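Just so it is clear, the values below take in all heavy atoms, side chains as well, and ignore hydrogens, waters and symmetry mates. Since we're looking at a predicted model, the values are computed, not measured. Below, chain A is the first sequence line, B the second, and so on; all start at residue 1.
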2 protein chains.
Amino acid sequence: MEAKTDVPTSPMEVTRGLREACMSCSLHELCLPRGLSGHDLERLDTLVDRRGPHHEGDHLFRVGDRFESIYAVRAGSYKSYTVDSEGREHVLGFHLPGDLLGLDAIYPSHHLCNAMALDTSTVCALPYDQLSILSGEISGLRVQIMRLMSKDLADTATLAGDFTAEERLAAFLVGLSSRFRERGYSPREFNLAMSRRDIANYLRLATETVSRVFARFEKDGLIEVERRAVRLLDLPRLQSLCEAMGGLQR
Amino acid sequence: MEAKTDVPTSPMEVTRGLREACMSCSLHELCLPRGLSGHDLERLDTLVDRRGPHHEGDHLFRVGDRFESIYAVRAGSYKSYTVDSEGREHVLGFHLPGDLLGLDAIYPSHHLCNAMALDTSTVCALPYDQLSILSGEISGLRVQIMRLMSKDLADTATLAGDFTAEERLAAFLVGLSSRFRERGYSPREFNLAMSRRDIANYLRLATETVSRVFARFEKDGLIEVERRAVRLLDLPRLQSLCEAMGGLQR
DNA sequence: ACTTAAACTTGATCTAGATCAAATACCCGG
DNA sequence: CCGGGTATTTGATCTAGATCAAGTTTAAGT
């Protein structure tokens, strides 16, 4: 048996604790700490409340929950989604390590969507009022928060467009691929954390259509897909399929 | 003949200049100044570079332009849009007085979309680096910038969902209605600044479909529409048509 | 291993909305 | 007031993708 990982009880565990500090986090360059120097980083670090692990199906927050913190995904992945009055689910996004969650709740001060773990996952919670104060004092932090929000705005806008099922799915795969690359994983071969149904809801397609387009892509030699495991065989061609959308997506 | 409006040359013009200060701007409560006290407001005011008028079809910025300022619409209206590699236009949003434009360009530091005046329109340009510095010093300004970005994120997410043509158009009208109400105009009766084609591109529908749904709404006694002039006859029923979407939209 | 349920795929239809095709209305410059 | 271009409406088809309907594979218990 391994020791429980959520209570540091040995020197080894303490070392592990240190490794989890922003300073030594591998997501450094993607996440809030980007561009921050040693001392500022330490100050940010004191705000961080590391939470989890959440297991598949666990909720990080739900519609209507009071907004208190924004979350940075540390490990695993989450989906954000809403359920409309007809009971239809709309997936708003998939969130990988380094992504921020909960930004849309700042204005109304309560959450507008649900966030559910797709995997065994953990987050860093950043209490928003403290973060806001700190961002007044550290211009680099302010800059990075704005950058990340701006990026979210741009990404969402891309998805909003009117595109074919092929374009959407190609963009989805290419987008995931570059996000994995940024995070140091293979951009050619990865596992989908989300179900076909989630992908379909995200891309505004029927599950069956997603399945069929996957099959078509495989037949055309663009990808190899077996259940959740995907290998991109012809990234250039996939990119050209979705260049109409500006190339990528999240 | 009236005097040119862009060069203050008389006491009257000076008065007009004062009226245009943030402090006395009617958009105060919607726009960046919200929640700012007298002195802070004056500081914000010194950043503002009032530009225009732009005439119908004029561009405020275009894809690829270097990002320098964010813009607050002062009068008139703009649309933001992209043109994809197939030449299809995708309208991202319509921007009324008090709305901010250009936020999605912060991250890449160049504009990702075009912004075009739909009417004779003016903006307040806020140089982003100065605004960023000032927002470090004035917490209320920081709060308001985050609120407005957060709102944009939430709005865009709503549009991204999978809804019928009726739901979309109803939400569009209801959204416009509440935005006009917020701005002190009639929520029941207004003029559309945008063409059917723009509406269609925004809602991911064909122009013909927009036309037909307008006709259907009119036949059902929901609205009266003549060219660009719209009167909402049954707001409650329109709202119930789009409640699936969470009620509104921009 | 056996059951049951969920996830996924595949095939057959159906349909909302796109596209194609005119006709009509409006607007603007001369 | 007139001619030509653009915006809008209306009608007739067409089609991408939805929906309906079985299968099939996988995973989790028991």
Answer yes or no: does a side-chain N or O of [X] lie under 4.0 Å from OP1 or OP2 of [N]?
| X | N | answer |
| --- | --- | --- |
| Ser195(A) | dA7(C) | no |
| Arg228(B) | dT8(D) | yes |
| Ser211(A) | dT9(C) | yes |
| Arg227(B) | dT8(D) | no |

His90(B)-Asp84(B) side chain donor-acceptor pair, cut-off 3.5 Å: yes
Side-chain donor-acceptor contact under 3.5 Å, Tyr71(A) with His95(A): no
Residue that, paired with Glu189(A), satisfies salt bridge (Lys or Arg N to Asp or Glu O under 4.0 Å) out of Arg231(A), Arg181(A), Arg228(A): Arg231(A)
Touch class at under 4.0 angstrom, heavy-atom based, for Thr164(A) against every strand present: sugar-phosphate
Touch class at under 4.0 angstrom, heavy-atom based, for Ala165(A) against every strand present: sugar-phosphate
Roughly how many Å is it from [atom1] in [X] to [atom2] in [N], rounded to a whole number?
| X | N | atom1 | atom2 | answer |
| --- | --- | --- | --- | --- |
| Glu226(A) | dA7(C) | CD | C1' | 14 Å |
| Glu89(B) | dA7(D) | CD | P | 11 Å |
| Arg168(B) | dA16(C) | CZ | C1' | 12 Å |
| Phe163(B) | dA18(D) | CZ | P | 15 Å |
| Leu169(B) | dT8(D) | CG | P | 13 Å |
| Arg204(A) | dG17(C) | CZ | P | 13 Å |
| Arg197(A) | dT9(C) | CZ | P | 15 Å |
| Leu205(A) | dT9(C) | CG | C1' | 16 Å |

Between the first and last five pairs of the helix from dA1(C)-dT30(D) to dG30(C)-dC1(D), the angle of the axes, rounded to 10 degrees: 50°
Geometric cation-pi criterion Lys79(B) and Phe94(B), 6.0 Å radius, 45° cone: no
Side-chain donor/acceptor contact of Arg212(A) with base of dG11(C) under 3.5 Å: yes
Under 3.5 Å donor-acceptor pair, Glu208(A) side-chain atoms to dC20(D) base atoms: yes
Side-chain (Ser121(A)) to main-chain (Ala117(A)) donor-acceptor, under 3.5 angstrom: no
Arg237(B) (side chain) donor-acceptor with Leu222(B) (main chain) under 3.5 angstrom: no
DNA chain D-proximal residues of residues 213-220 of chain A, any heavy atom under 4.0 Å: none
Arg51(B)/Asp49(B) salt bridge by N-O under 4.0 Å criterion: yes
Non-hydrogen side-chain atoms of Asp58(A) and Glu56(A) separated by less than 4.5 Å: no
Contact check, side chains of Tyr81(A) and Asn201(A), non-hydrogen atoms, under 4.5 Å: no
Mutual orientation of the aromatic rings belonging to Tyr185(B) and Phe180(B) [parallel < 30°, tilted 30-60°, perpendicular > 60°]: perpendicular
